[in-house]
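Order of the sequence lines sets the chain letters (A, B, ...), proteins ahead of strands, with each chain counted from 1.
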Amino acid sequence: MRRLCSAYRGIEPGTVQCLRVPPPPADTLDRVTPDELSSAIRACLEAAVAAGELTVSVPDEIRVERPRQREHGDWSTNIALQLAKPAGRPPRAVAELLSARLVDLPGVKSVDIAGPGFLNIVVDTASAAELVRTIVGAGTAYGQNQQLAGTVLNLEFVSANPTGPLHIGHTRWAALGDALARVLTASGAQVTREYYVNDAGAQMDRFGGSILARLRGTDIPEGGYHGEYVAELAAKVREQRPDVDDLPEAEALIVAREVGYAIQLAENRQTLSNFGVEFDVWFSERTLHESGAVEQAVARLREQGHVDDRDGAVWLRTTDFGDDKDRVLIKADGEKTYFAADAAYWLSVRDRGFPKKIYMLGADHHGYVQRLKAIAACAGDDPETSIEVLIGQLVSVGGARLSKRAGNIIELKDLVDWLGADAVRYSLARYPADSPLTLDGEVLQKKTNDNPVFYVQYAHARLCSLANQAREHGVDRSVFEPSLLDHVTENALIAALAQFPAIVAQSAELREPHRVARHLEVVAGAFHKWYDECRVTPRGDDPVEDVHRTRLWLAEASRQVLANGLNLLGVGAPERM
RNA sequence: GCGCUCGUAGCUCAGCGGAUAGAGCAACAGACUUCUAAUCUGUCGGUCGCAGGUUCAAAUCCUGCCGGGCGCACCA
């Protein structure tokens with residue numbers, strides 16, 4: 001398919017590690033986190049079922065949440081409400097069964113049944129705080145999980161045409177897609193970031209024609225590109241090929257197209273790289289045509305019985321698999337369509353060993369979803385499992401839509417120059433892809449604190465500074481006494497840190513990296529409040545005590561979580577600001 | 001016309017089956033001799049587009065309507 005003005009995004013080098021410490025068995029809890037409570041509740045449920053006290057199938061997921069109201073305990077679950085009906089018991093009765101077992105767990109201080117049947121759990125301070133040591137020990141690995149272990153997938157994003165610069169529309173996918181790749185990787189998936197380059201077909205000729213027109217001072221051809229960048233490309237083409245002016249029209253056109261293409265692609269690649277986005281594979285559409293892969297694909301699909309010859313054209317019967325209408329593979333004039341290349345591309349993805357491909361497309365391409373799935377179905381693959389299409393709303397700026405052919409586009413390059421890659425990446429990665437997003441060009445240029453990236457980065461920088469201060473004043477981590485972390489702000493901060501791995505796993509599963517950003521804001525907020533209330537370095541000449549040493553552990557754990565989270569978003573974690 | 005998608009505070013947006021709907025910005029009032037005030041505390045601000053339905057429980061799921069965006073080529 002051809003991507004005109006939508007954008008995708010890319011992935012980034014920075015790698016995220018994947019490794020995870022398995023939670024201890026429920027009966028040997030030495031620290032208590034929501035993940036572990038979830039497992040423990042499952043064990044309690046299974047025990048209740050085994051004891052014949054309850055007859056239900058234990059659900060796959062038992063959600064343990066941090067309640068909004070502090071009075072509702074450290075963690076709560078609505079599992080009793082959910083199981084009431086299938087178990088044929090009143091919710092409070094189910095809750096009581098669970099409650100009786102949960103209170104006996106080490107680290108659990110109390111369990112209350114509230115309202116219609118919520119279980120509100122209060123955790124022993126030291127058991128909750130024990131997590132801090134775990135985080136510091138895990139370092140950059142904290143947050144990694146094996147939720148998607150064994151998953152191999154090909155993630156395609158950005159894939160902007162090489163006929164012009166990357167603009168703000170592509171930027172959203174670049175930021176989100178790369179973050180998604182990192183989050184997936186952190187959850188154990190094996191991800192290949194791929195960029196499909198539409199470098200074949202009439203659009204490329206129009207591109208070449210537009211450059212040539214600039215070179216010769218003639219009118220831009222119908223359907224050509226008018227942006228000022230075309231003139232700049234023309235100048236660069238002339239620089240590389242001074243002979244272009246003397247060549248006959250047909251040859252000059254090819255030179256303009258090919259040299260312009262090379263320049264533009266290299267530039268876009270550099271722009272993405274500067275944005276922190278690196279692709280593993282740059283897949284050229286041309287290679288599909290040149291290698292005969294397109295013909296082979298048509299033949300292969302024909303063998304599988306899904307190709308018809310009608311009206312002089314060759315059709316793929318995509319309507320067999322939910323598409324609105326059949327699609328032409330080879331036109332009556334013998335020309336292969338983009339759709340044919342798309343089909344060949346899918347087969348290439350399969351042949352290269354990917355059982356699954358995720359496409360990130362702009363809303364202007366949602367019409368492609370059915371036919372992409374139909375291709376897979378025609379090829380004998382199960383579209384439900386092998387193809388996943390994430391549709392994102394287009395970003396608009398000041399109400400104006402962006403078109404590559406109109407002049408006034410905001411380029412990714414310029415955005416980064418104004419705000420820095422971190423601010424741009426973060427401000428795009430903190431919204432779900434399907435959220436309609438309106439960026440105000442005025443605000444964007446202002447570099448105000450509107451942007452929460454500063455809030456999160458500042459928390460990290462503040463923690464680094466705090467650690468330096470602590471060291472200078474003789475506070476070290478020679479002692480860790482978790483029961484001393486008993487301030488309300490410490491309870492809240494530790495809870496936020498404890499949720500991080502589950503947030504990462506959830507972001508990966510739902511393909512919603514923005515959840516990481518939102519949670520980092522929670523962590524940063526909890527930290528700033530803690531900072532305001534609890535000191536790591538003693539005031540004045542006050543002696544250094546174990547509480548200070550222990551708090552330094554919490555500071556390091558907090559810093560680690562912020563750094564790990566920012567890394568998942570491809571955003572820097574500055575040591576000072 | 002058909003299809004997809006979105007509609008939450010003045011603005012930009014979270015939340016997407018649970019307990020009094022949240023944040024930032026904006027507005028107003030406070031907190032810096034002490035680890036970075038890019039911070040913190042408080043106040044103000046909402047018929048979660050409208051109407052039905054499912055449920056013990058709906059902003060969240062279903063249906064219809066209204067409104068915005070996008071898509072419906074032997075184009076790329």
Participant: Would you classify A/E71 as touching base, sugar-phosphate or nothing, given that sugar-phosphate means primed atoms plus P, OP1 and OP2, and contacts are heavy atoms under 4.0 Å?
Facilitator: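 The residue A/E71 makes base contact.
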Participant: What nucleotide among B/rA19, B/rC75, B/rG18 has an atom nearest to a side-chain atom of A/L81?
Facilitator: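 Shortest atom-to-atom distance from the side chain points to B/rG18.
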Participant: Dot-bracket for RNA chain B, 5' to 3', counting Watson-Crick or G-U wobble pairs under 3.5 Å, with [ ] for crossing pairs and | for inter-strand pairs?
Facilitator: (((((((..((((....[...)))).(((((.......))))).....(((((..]....))))))))))))....
Participant: Nucleotide by nucleotide, 5' to 3', does protein get under 4.0 Å of the base (B), only the sugar-phosphate (S), or neither (-) in nucleotides 31-36 of chain B, counting heavy atoms?
Facilitator: ---BBB
Participant: If you assign A/V328 and A/Q82 each to the RNA chain B nucleotide with the nearest heavy atom, which residue ends up on the more 5' nucleotide?
Facilitator: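 Result: A/Q82.
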Participant: With a 4.0 Å cut-off on heavy atoms, is A/N120 in touch with a base, just the backbone sugar-phosphate, or nothing at all?
Facilitator: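 Contact class for A/N120: base.
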Participant: Calculate the interatomic distance between A/R70 atom CZ and B/rU20 atom C1'; express it in whole Å.
Facilitator: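 Computing the A/R70:CZ to B/rU20:C1' distance gives 17 Å.
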Participant: Under 6.0 Å between ring centres: does that hold for A/H306 and A/F321?
Facilitator: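 Ring-ring flag for A/H306/A/F321: true, centres closer than 6.0 Å.
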Participant: Roughly, in whole Å, what's the span from NE2 in A/H365 to P in B/rA76?
Facilitator: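 Between P of B/rA76 and NE2 of A/H365: 13 Å.
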Participant: Determine the Euclidean distance between corresponding P atoms of B/rC13 and B/rG69; express it in Å to zero decimal places.
Facilitator: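 Nearest-Å result for B/rG69 against B/rC13 at atom P: 15 Å.
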Participant: Tell me, which pairs form a side chain to side chain donor-acceptor pair (under 3.5 Å) where one or both residues lie in residues 467-477 of chain A, sequence neighbours left out?
Facilitator: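 Qualifying pairs: A/N468-A/R471, A/D476-A/S478.
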Participant: With side chains defined as the heavy atoms from C-beta onward, is the minimum distance between A/P543 and A/H548 less than 4.5 Å?
Facilitator: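 A side-chain contact under 4.5 Å is absent here.
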Participant: Between A/Q457 and A/D422, do the side chains contain an N or O donor and an N or O acceptor separated by less than 3.5 Å?
Facilitator: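 Checked: A/Q457/A/D422 side chains pair up, N/O donor to acceptor below 3.5 Å.
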Participant: Take atom CG of A/D364 and atom P of B/rG69, then tell me their distance rounded to the nearest Å.
Facilitator: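 About 15 Å, once rounded to whole Å.
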Participant: Measuring only between side-chain heavy atoms, which start at C-beta, is A/E285 closer than 4.5 Å to A/Y345?
Facilitator: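 A/E285 vs A/Y345: side chains apart.
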Participant: Does the structure place the NZ or CZ of A/R327 under 6.0 Å from the centre of the six-membered ring of A/W315, at an angle of no more than 45° from the ring's axis?
Facilitator: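 Not flagged: A/R327 not positioned over aromatic ring of A/W315.
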Participant: Under the rule for side-chain hydrogen bond (donor to acceptor under 3.5 Å, both in side chains), what residues qualify as partners of A/D532, not counting sequence neighbours?
Facilitator: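 Listed in chain order: nothing, the list is empty.
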Participant: If you only use heavy atoms from C-beta on, which nucleotide in B/rC74, B/rA19, B/rG18 is closest to the side chain of A/D311?
Facilitator: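 For the A/D311 side chain, the nearest candidate turns out to be B/rC74.
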Participant: Does the structure show A/Y338 stacking with B/rA76, if we require the centres to be closer than 5.5 Å and the planes to be within less than 30 degrees of parallel?
Facilitator: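 No, the aromatic ring of A/Y338 does not stack with the base.
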Participant: For A/A114, report the nucleic acid contact type (base, sugar-phosphate, nothing); a contact means any heavy atom under 4.0 Å.
Facilitator: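 Answer is base: heavy atoms of A/A114 come under 4.0 Å of a base.
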Participant: I need the A/S465 OG to A/H460 NE2 distance, nearest 0.5 Å.
Facilitator: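 If I round to the nearest 0.5 Å, the distance is 12.0 Å.
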Participant: Which pairs count as side chain to side chain donor-acceptor pair (under 3.5 Å) when at least one residue sits in residues 534-547 of chain A, sequence neighbours excluded?
Facilitator: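 Passing the test, one end in residues 534-547 of chain A: A/D546-A/R549.
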Participant: A side-chain contact here means heavy atoms from C-beta on lying under 4.5 Å apart; do A/W530 and A/V536 qualify?
Facilitator: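 In short, these two side chains touch, coming nearer than 4.5 Å.
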Participant: What class does the angle between the rings of A/F283 and A/Y196 fall in, given that below 30° is parallel, 30 to 60° is tilted and above 60° is perpendicular?
Facilitator: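 Because their plane-to-plane angle is under 30°, the rings of A/F283 and A/Y196 count as parallel.
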Participant: In terms of side-chain heavy atoms of A/K85, which of B/rU55, B/rA76, B/rA38 is nearest?
Facilitator: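 From the listed options, B/rU55 comes nearest.
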Participant: Quick one: is B/rA73 close enough that its OP1 or OP2 comes under 4.0 Å of any side-chain N or O from A/K325?
Facilitator: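 For B/rA73, OP1 or OP2 has a side-chain N or O of A/K325 closer than 4.0 Å.
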Participant: Pick base, sugar-phosphate or nothing for A/Q69, based on heavy-atom distances below 4.0 Å to the nucleic acid.
Facilitator: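 The residue A/Q69 makes base contact.
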Participant: Any donor-acceptor pair, under 3.5 Å, between the side chain of A/H366 and the base of B/rG3, if you only look at N and O atoms?
Facilitator: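 Indeed, a donor on one side and an acceptor on the other fall under 3.5 Å apart.
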Participant: Distance check needed: B/rA23 C1' versus A/Y426 OH, whole Å only.
Facilitator: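 Taking atom C1' of B/rA23 as the reference, OH of A/Y426 is at 11 Å.
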Participant: Is the shortest heavy-atom distance from the side chain of A/L81 to the side chain of A/F118 under 4.5 Å?
Facilitator: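 SC-SC contact between A/L81 and A/F118 confirmed.
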Participant: With a 4.0 Å cutoff (strictly under), does any side-chain N or O of A/K336 reach OP1 or OP2 of B/rC74?
Facilitator: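 Negative; the distance criterion is not met.
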Participant: Rounded to whole Å, please give me the gap between CZ in A/R66 and P in B/rG22.
Facilitator: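 Distance, rounded to whole Å: 16 Å.
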Participant: Write down the distance separating the C1' atoms in B/rG3 and B/rG22, rounded off to the nearest Å.
Facilitator: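 Each nucleotide's C1' atom is 34 Å from the other's.
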Participant: Taking syn as within 90° of 0 and anti otherwise, name the glycosidic form of B/rC32.
Facilitator: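 That one's syn.
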Participant: Taking atom P of B/rA73 as reference, at what distance in whole Å does atom OH of A/Y368 sit?
Facilitator: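 Atom OH in A/Y368 sits about 10 Å away from atom P in B/rA73.
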Participant: Do any side-chain nitrogens or oxygens of A/Y455 fall under 4.0 Å of OP1 or OP2 in B/rC40?
Facilitator: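 For B/rC40, OP1/OP2 do have a side-chain N/O of A/Y455 under 4.0 Å.
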Participant: Give the B/S/- string for nucleotides 8-16 of chain B, one per nucleotide from 5' to 3', where a protein heavy atom under 4.0 Å of the base yields B, of only the sugar-phosphate yields S, and otherwise -.
Facilitator: ----SSSSS
Participant: Give the rounded distance in Å between these two atoms: CZ of A/R371 and P of B/rC4.
Facilitator: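 To the nearest whole Å, that distance equals 15 Å.
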Participant: Remember a base hit wins even if backbone is also touched, and classify A/N468 as base, sugar-phosphate or nothing at under 4.0 Å, heavy atoms.
Facilitator: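 Touches nothing.
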Participant: Okay, side chain of A/S38, backbone of A/P34: is any donor-acceptor separation there less than 3.5 Å?
Facilitator: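 Here the side-chain-to-backbone pair does not exist.
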Participant: For B/rU39, take OP1 and OP2 only and decide whether either is under 4.0 Å from a side-chain N or O of A/K529.
Facilitator: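 No, A/K529 has no side-chain N/O under 4.0 Å of OP1/OP2 on B/rU39.
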Participant: Could you please name the option among B/rA19, B/rU55, B/rC74 that lies closest to any side-chain atom of A/F118?
Facilitator: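 Nearest to the side-chain atoms of A/F118, counting from C-beta on, is B/rA19.
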Participant: Scan A/S76 against the nucleic acid and name what it touches under 4.0 Å (heavy atoms): base, sugar-phosphate only, or nothing.
Facilitator: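 Counting heavy atoms under 4.0 Å across all strands, the contact made by A/S76 includes a base.
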